[in-house]
S.K.: 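Input: one structure, supplied below.
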Number of protein chains: 2
Amino acid sequence: MGRKTGSHSEITGPKIRLAALKLFARHGFAAVSMRQIALDVGVQAGALYLYTPDKQSLLFGLMQDHMTGLLAAWATQPQPANPVDQLRHFTEFHILYHLDRPDAVFVSYMELRNLTPENFAIIEGLRRSYEDELEAILKRGQTTDVFSLPDTKIATLALIAMLTGVNTWYRQSGRLSRNKVNAIYWDMVRKAVAA
Amino acid sequence: MGRKTGSHSEITGPKIRLAALKLFARHGFAAVSMRQIALDVGVQAGALYLYTPDKQSLLFGLMQDHMTGLLAAWATQPQPANPVDQLRHFTEFHILYHLDRPDAVFVSYMELRNLTPENFAIIEGLRRSYEDELEAILKRGQTTDVFSLPDTKIATLALIAMLTGVNTWYRQSGRLSRNKVNAIYWDMVRKAVAA
DNA sequence: CTGGGAATTGAACAGATGTTCAGTTATATT
DNA sequence: AATATAACTGAACATCTGTTCAATTCCCAG
C-alpha cells in the first residue's frame with residue numbers, strides 16, 4: 001500500500017492537528033498515543049511523522065498556535081478611550097475567544113508540565129504577554145483613580161483565573177446565553193476592581 | 001530477596017501515597033509509571049499492589065481523601081453570624097487550605113479526566129458539595145441584601161476559580177505573605193459580590 | 001527459640017509505546 | 001505517455017506499560 005486517493009498535505013495536516021487537539025483535551029497528552037491520533041485521522045501512525053518531527057513538537061505547536069492566535073486577535077481589537085471600557089472589552093473578548101476554543105484552551109492550560117523546559121519557557125512568555133495586556137489596563141485605571149487595587153499583578157491573575165473558569169462549566173445547551181454569561185462576569189469584574 | 005529490614009505497612013503505605021501524589025502532580029497521572037513511584041519509595045513495583053488494587057484506585061484514593069478532607073475541615077470551622085463574615089471566613093479558609101496542599105489540589109483539579117466514570121461521579125459529587133457551601137453563603141447574603149448577584153451559582157464557580165488560582169502563582173519565597181494574599185483576595189471578593 | 005503471618009523481591013506476562021524506513025501508490029509536470 | 005515527486009503503508013525496532021505470583025526474608029507472639 002502507498003499513497004491514498006485524494007490525499008493532500010493541506011488536508012491531512014490540519015486533520016492531524018485537530019485530532020490531536022481533541023484527543024489531548026479529552027484524555028491528556030501522555031494518555032494519547034500516536035496510533036490513536038492516526039486512527040482518528042484515518043491514517044497509519046508513521047504518516048504523522050510527515051507532519052511533525054515528534055509528539056512533543058505536535059503538542060508545542062498546538063499550544064504555540066493557540067497563544068499567538070490569542071495575542072494576535074487581541075492586537076486587532078479596537079481600544080476604547082477609558083480604562084473601564086477597556087476592561088469591559090477585555091472581559092468580553094476573553095470570555096468569547098476562550099468559549100470558542102475549549103480544546104485549545106484546555107490543552108494550553110493543562111499540558112504545560114508535558115512541555116520540555118525550552119518549549120515551556122516560550123509558552124510561558126506568551127502567556128505573560130497576554131497577562132501584561134490586562135495588567136496595563138488595570139494600571140491605567142489605577143492611576144486615574146477609577147480602579148482601586150492593592151496589587152495589579154495579583155488582580156490580573158485573579159481576574160484571568162476567574163474568566164477562564166467559564167470554560168469549565170459553560171455548555172452550549174445550558175440555561176445561559178453567551179451574552180448573559182458576559183453580563184454576569186462583567187458585573188463581578190467591574191465591582192471587584194472598583195474604586 | 002524477601003521482606004526488607006524495618007519494613008511496616010504503616011510506613012510504606014503513606015510513603016507510596018505521598019510519592020504518587022508528588023509525581024502525579026509533577027508529571028501527570030498517565031505520564032507516571034508504577035515503577036517510577038516504586039523507585040521514589042525505594043521498593044519494587046510489585047510491592048505497590050499490597051497497598052492498592054491498581055493504579056486507578058491509587059489516583060482515586062488520593063483525590064477522594066483530598067475532597068473529604070477539605071469538606072471535613074470546613075465542617076469544623078465556626079460559622080460567623082452574618083453572611084459577609086461568613087464569606088470572609090470562607091475566602092481565608094479556602095486560600096490557606098489550598099496553599100497548604102498544592103500537590104493534592106493540583107491532582108484533584110487536573111486528573112479528573114483520568115478517572116473512570118464511576119470514580120469521576122463520586123469526586124464530582126464531593127466537589128459539588130463544597131461549592132454548595134459557598135453558594136449557601138452567597139444566597140443568605142442575597143436575601144438579606146448585603147450581596148447583589150445576578151446568579152449565585154455562577155458567582156460561586158467564579159469565586160472558587162479565582163481563589164483556587166492562587167495556587168498557580170503563589171511561591172513561599174515570593175514577595176507576598178499568606179496574610180497579605182488573603183487580604184488582597186478578600187478585597188476583591190468582598191467588592192465583587194457587594195450590593 | 002520457634003512458628004506463623006507480614007512485607008517484599010524478582011522474574012515473567014502480553015501488549016502498548018514513539019519512531020524509523022524501504023517499498024508502494026497517487027498526483028502533478030512535462 | 002513518461003517521469004518525478006508527494007503521500008502513505010506496513011512491518012520492524014527496542015523499550016516501557018500495568019499487573020501477577022511463587023519464592024524469600026523479616027518481624028513478632030507464645
Side-chain angles (χ1 to χ4, degrees), chain A residues 1-24 26-63 107 111 113-116 118-119, chain B residues 1-24 26-63 107 111 113-116 118-119:
Chain A
M1 292 296 148
R3 183 174 185 170
K4 298 175 72 180
T5 65
S7 63
H8 289 95
S9 59
E10 313 90 54
I11 294 179
T12 307
K15 260 194 182 178
I16 289 174
R17 263 165 268 147
L18 212 70
L21 195 61
K22 183 185 75 178
L23 292 172
F24 289 166
R26 260 211 254 296
H27 310 292
F29 173 73
V32 174
S33 71
M34 296 300 268
R35 282 172 180 82
Q36 288 175 55
I37 298 171
L39 181 71
D40 196 276
V41 175
V43 93
Q44 291 295 319
L48 301 184
Y49 291 85
L50 298 170
Y51 301 92
T52 181
D54 48 44
K55 198 188 178 190
Q56 165 73 206
S57 302
L58 182 54
L59 173 64
F60 174 66
L62 292 172
M63 295 175 73
V107 168
E111 305 295 353
R113 59 187 168 182
N114 285 307
L115 292 173
T116 63
E118 302 79 23
N119 288 343
Chain B
M1 293 293 152
R3 183 174 185 169
K4 299 176 72 180
T5 64
S7 63
H8 290 93
S9 59
E10 312 91 52
I11 294 179
T12 308
K15 259 194 181 178
I16 289 173
R17 261 165 269 146
L18 211 70
L21 195 61
K22 182 186 75 179
L23 292 171
F24 288 166
R26 260 210 253 297
H27 311 290
F29 173 72
V32 173
S33 71
M34 295 301 267
R35 283 172 181 82
Q36 287 174 55
I37 298 171
L39 182 70
D40 196 275
V41 175
V43 93
Q44 291 295 320
L48 301 183
Y49 290 86
L50 298 169
Y51 301 91
T52 182
D54 49 42
K55 197 188 178 191
Q56 165 73 205
S57 302
L58 182 54
L59 173 64
F60 174 66
L62 292 172
M63 295 175 73
V107 169
E111 304 295 351
R113 58 189 167 180
N114 285 306
L115 292 173
T116 63
E118 302 80 22
N119 288 344

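Just so it is clear: chains get the letters A, B, ... in the order the sequence lines come, proteins before strands, and each one is counted from 1.
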S.K.: A:Arg26: which residues meet the side chain to side chain donor-acceptor pair (under 3.5 Å) condition with it, sequence neighbours left out?
M.R.: none
S.K.: Sequence neighbours left out, what passes side-chain contact (heavy atoms from CB on, under 4.5 Å) with A:Gln56? Give chain and number order.
M.R.: A:Asp54, A:Leu115, A:Thr116, A:Asn119
S.K.: Which pairs pass salt bridge (Lys or Arg N to Asp or Glu O under 4.0 Å) with one or both residues in residues 5-17 of chain B, sequence neighbours excluded?
M.R.: none
S.K.: Taking protein heavy atoms under 4.0 Å as touching, what does nucleotides 8-18 of chain C look like 5' to 3' if B marks base contact, S marks sugar-phosphate-only contact and - marks none?
M.R.: BBS-B----BB
S.K.: Select from B:Pro53 and B:Thr5 the residue whose nearest nucleotide in DNA chain D is closer to the 5' end of that strand.
M.R.: B:Pro53
S.K.: Not counting sequence neighbours, which residues clear side chain to side chain donor-acceptor pair (under 3.5 Å) with A:Arg113? List them please.
M.R.: B:Glu111
S.K.: Which residues satisfy the side chain to side chain donor-acceptor pair (under 3.5 Å) test with B:Gln44, sequence neighbours excluded?
M.R.: none
S.K.: Filter on ring pair (Phe, Tyr, Trp, His ring centres under 6.0 Å), then keep only pairs touching residues 28-49 of chain B, sequence neighbours left out; what's left?
M.R.: B:Phe24-B:Phe29
S.K.: Can you sort out the partners of A:Ala38 under side-chain contact (heavy atoms from CB on, under 4.5 Å), two or more places apart, ordered by chain and number?
M.R.: A:Val43, A:Ala45, A:Leu48
S.K.: Applying side-chain contact (heavy atoms from CB on, under 4.5 Å), name anything that partners A:Ser9, two or more places apart in sequence or on another chain.
M.R.: A:Tyr51
S.K.: Need two values: the first and the last nucleotide of DNA chain D, 5' to 3', having an atom under 4.0 Å from any heavy-atom of chain B.
M.R.: D:dT17 to D:dC28
S.K.: Please report the C-alpha distance between B:Leu18 and B:Val41 in whole Å, then the side-chain angles of each, then the deciding distance to 0.1 Å, and finally whether the side chain to side chain contact (heavy atoms under 4.5 Å, CB included) criterion is met.
M.R.: CA-CA 9 Å; B:Leu18 211 70; B:Val41 175; over 6 Å; no
S.K.: With salt bridge (Lys or Arg N to Asp or Glu O under 4.0 Å) as the rule and sequence neighbours excluded, what pairs involving residues 35-53 of chain B come up?
M.R.: B:Lys22-B:Asp40
S.K.: Give me the bend of the helix from C:dA6-D:dT25 to C:dT30-D:dA1, using the axes of the five pairs at each end, rounded to 10°.
M.R.: 20°
